[in-house]
**Q** 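Before I ask anything, here is the structure I am working with.
We number each residue from 1, following the sequence as shown.
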Amino acid sequence: MQDIAVIVLNWNSPVDTIACLSSIAEEILRNSSRCRVRLYPVDNGSQDHSCEQIADWIERHGDLDVCFIQNSHNLGFAGGMNAGFRAAEIDAPADYYWLLNNDLTLCPGALSALLDATSTDPSVAVWGPTIVHLNSDTIQCAGGGRYSRLLGMERKYLRGLPLDKVNCYRHRPTRFDFIYGAAMFIRGDIIRAHQGLDESYFLYYEELELARRLGREDRLDWCCESVVSHQGSDATSRDKGQRARSSYFAAYSACQYTWRHHRAFLLPMILIRMAGLAVQALRETNPELALAPWKAVFAFLSGRTPAPPQA
């Protein structure tokens, strides 16, 4: 029986987190005879009533194996996930770690499909499910995608396709540069070898850095039958302030990653990225969307670490 540790990161969004936890609880019940699942919700220094609401949900689900971690401040995505990873390792090293955004909900059979996939091909280092937009059958990302060094941007596999077309691509050989960070199903020995995610990235690009560090024999793959629903950019795109903050951290992490691995592309990446965001800002009448990445670039070039977002 496989041992699965599921880590869910919360920051000031208890409603989303509880919906995610509830969908995980249903999958645990469906697969109780196939695997042991330990659940590690992590609060990343929330300033609302997240901890009380999540603790109440845990109390009402006393039959689950849950360890609630509460960070004193926002450690970023990698830091928050690593807090859950370290807690799980102390309890017992898991066979697989499922790192989930809190604005995800698992569709029925999502965990079962991953268990089938790992049994069929245990050599895969990181699996990615099929991620669809919330309340939609439109694919947001099928497993992972490719990365452009010049643009400093990701291209998600099968993005925009209807879910009912996914079977046409099921057996096509696909090369991934990363597995989408919203839902990474990572083999235990892999994440242990790297001691979790790279905490030098506050937000974004952690999945690219992880994939970059894998050995030649460590593959990334897509589990077509595992489907999860993701709010993600659906919510961000409606909030101009949140969109600008996301743009800031994405630009900062793009500079970090490019400087570390593709240094010759740093200047063209910055110029092309800024030009694209300037056009988007004009379309959306959101001037902060154009200014935020420039602030990130200046912060990076001056050696300043990005400040955690405020609630």
Side-chain angles (χ1 to χ4, degrees), residues 9-13 16 44-48 71-82 101-103 140 145 147-156 177-178 180-182 197-210 212 230-311:
L9 188 61
N10 175 79
W11 185 68
N12 293 319
S13 50
D16 289 341
N44 218 7
S46 293
Q47 298 167 338
D48 58 4
N71 296 329
S72 60
H73 60 283
N74 192 341
L75 301 178
F77 181 84
M81 285 295 185
N82 285 350
N101 277 17
N102 70 318
D103 56 352
Q140 188 178 105
Y147 178 74
S148 169
R149 295 176 295 175
L150 182 61
L151 300 178
M153 293 183 180
E154 304 168 343
R155 186 175 73 253
K156 299 179 180 69
D177 293 328
F178 64 93
Y180 191 24
L197 302 178
D198 188 338
E199 295 185 24
S200 67
Y201 295 92
F202 186 84
L203 185 62
Y204 303 122
Y205 281 72
E206 305 89 354
E207 67 269 48
L208 271 163
E209 188 64 43
L210 175 64
R212 180 89 185 187
H230 185 212
Q231 182 171 326
S233 58
D234 297 338
T236 301
S237 62
R238 293 192 295 267
D239 184 330
K240 289 186 177 181
Q242 179 60 36
R243 184 135 162 68
R245 286 191 292 273
S246 295
S247 179
Y248 174 90
F249 287 106
Y252 192 98
S253 294
C255 289
Q256 279 183 281
Y257 183 83
T258 304
W259 182 253
R260 184 178 291 181
H261 299 296
H262 310 293
R263 194 164 293 188
F265 288 84
L266 182 62
L267 181 57
M269 182 277 292
I270 290 173
L271 295 176
I272 293 171
R273 190 184 187 98
M274 298 310 162
L277 286 170
V279 171
Q280 289 183 34
L282 287 171
R283 289 176 178 171
E284 300 175 17
T285 61
N286 184 5
E288 188 58 31
L289 180 61
L291 292 174
W294 279 113
K295 293 176 182 178
V297 170
F298 290 138
F300 173 78
L301 294 176
S302 61
R304 301 197 307 271
T305 56
Q310 300 300 310

**Q** Please check if the side chain of Ser302 supplies one atom and the backbone of Ala299 the other of a donor-acceptor pair under 3.5 Å.
**A** yes
**Q** Quick one: CG on Leu267 to CD1 on Ile272, what's the gap to the nearest 0.5 Å?
**A**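 Answer rounded to 0.5 Å: 9.5 Å.
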**Q** Can you tell me if CZ on Arg260 sees more than 12 non-hydrogen neighbours from other groups inside 6.0 Å?
**A** yes
**Q** How many angstroms lie between CG in Asp198 and CZ in Arg212, if you round to the nearest 0.5 Å?
**A**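 These two atoms lie 13.0 Å from each other.
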**Q** Might you work through the side-chain contact (heavy atoms from CB on, under 4.5 Å) test for Leu208 and His261, ending with a clear yes or no?
**A** CA-CA 11 Å; Leu208 271 163; His261 299 296; over 6 Å; no
**Q** Quick one: is the NZ or CZ of Lys156 closer than 6.0 Å to the six-membered ring centre of Tyr180, and within 45° of its axis?
**A**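 The answer is yes, since Lys156 meets both limits relative to Tyr180.
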**Q** Determine, step by step, whether Glu209 and Phe178 satisfy the side-chain contact (heavy atoms from CB on, under 4.5 Å) criterion, reporting the C-alpha distance in whole Å, the side-chain angles of both residues, the deciding distance to 0.1 Å, and the verdict.
**A** CA-CA 8 Å; Glu209 188 64 43; Phe178 64 93; over 6 Å; no
**Q** Specify the closest pair of heavy atoms between Leu277 and Ser247, including all atoms of both residues, with the distance to one decimal.
**A**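 Heavy atoms of Leu277 and Ser247 come nearest at CD1-OG, 3.5 Å.
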**Q** To the nearest 0.5 Å, tell me how far Asn74 CG sits from Asn12 CG.
**A**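 Nearest 0.5 Å value for the CG-CG distance: 8.5 Å.
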**Q** Evaluate side-chain contact (heavy atoms from CB on, under 4.5 Å) for Tyr257 paired with Tyr204, printing each intermediate quantity in order.
**A** CA-CA 10 Å; Tyr257 183 83; Tyr204 303 122; over 6 Å; no
**Q** Hey, what do you get for OG1 (Thr258) to CZ (Arg263), rounding to the nearest 0.5 Å?
**A**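 Reported value, rounded in 0.5 Å steps: 11.0 Å.
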**Q** Could you tell me if Asp103 and Ser13 have a donor-acceptor pair between their side chains, going purely by distance under 3.5 Å?
**A** no
**Q** Verify whether one side chain among Gln280 and Arg283 offers a donor that lies under 3.5 Å from an acceptor in the other.
**A** no
**Q** Under 3.5 Å, is there a donor-acceptor pair between the side chain of Arg273 and the main chain of Gly152?
**A** yes
**Q** State the CE-CG distance between Met274 and Leu291, to the nearest 0.5 angstrom.
**A** 10.5 Å
**Q** Assess, by modelled atom type and distance only, whether the side chains of Gln256 and Tyr205 contain a donor and an acceptor separated by less than 3.5 Å.
**A** no
**Q** Indicate yes or no: at least one non-hydrogen side-chain atom of Gln231 is less than 4.5 angstrom from one of Gln140.
**A** no
**Q** Do the side-chain N and O atoms of Asn71 and Asn44 include a donor-acceptor pair separated by under 3.5 angstrom?
**A**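 Indeed, the side chains of Asn71 and Asn44 share at least one donor-acceptor pair under 3.5 Å.
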**Q** Before you tell me yes or no, could you show the steps for Trp294 and Ile270 under side-chain contact (heavy atoms from CB on, under 4.5 Å), namely the whole-Å CA-CA distance, both residues' side-chain angles and the distance that decides it to 0.1 Å?
**A** CA-CA 9 Å; Trp294 279 113; Ile270 290 173; 4.3 Å; yes
**Q** Between Leu197 and Ala78, which heavy-atom pair has the shortest distance, and what is it?
**A** CB-CB, 3.7 Å
**Q** Rounded to the nearest 0.5 Å, what separates atom CZ in Arg155 from atom OH in Tyr147?
**A**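 Going from CZ on Arg155 over to OH on Tyr147, the span is 13.0 Å.
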**Q** Applying ring-ring contact (aromatic ring centres under 6.0 Å, His included) between Phe249 and each of Tyr201, Phe300, Phe202, Phe77, report the one that passes.
**A** Phe202
**Q** At their closest point, which heavy atom of Ser253 faces which heavy atom of Leu203, and how far apart are they?
**A**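 Closest pair (atom of Ser253, atom of Leu203, distance): OG-O, 2.7 Å.
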**Q** Are the side chains of His262 and Met269 in touch, meaning some heavy atoms are under 4.5 Å apart?
**A** no
**Q** Do you know which two heavy atoms are closest between Ala251 and Ala296, and how far apart they sit?
**A**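 That closest heavy-atom pairing would be CB-CB, 3.9 Å.
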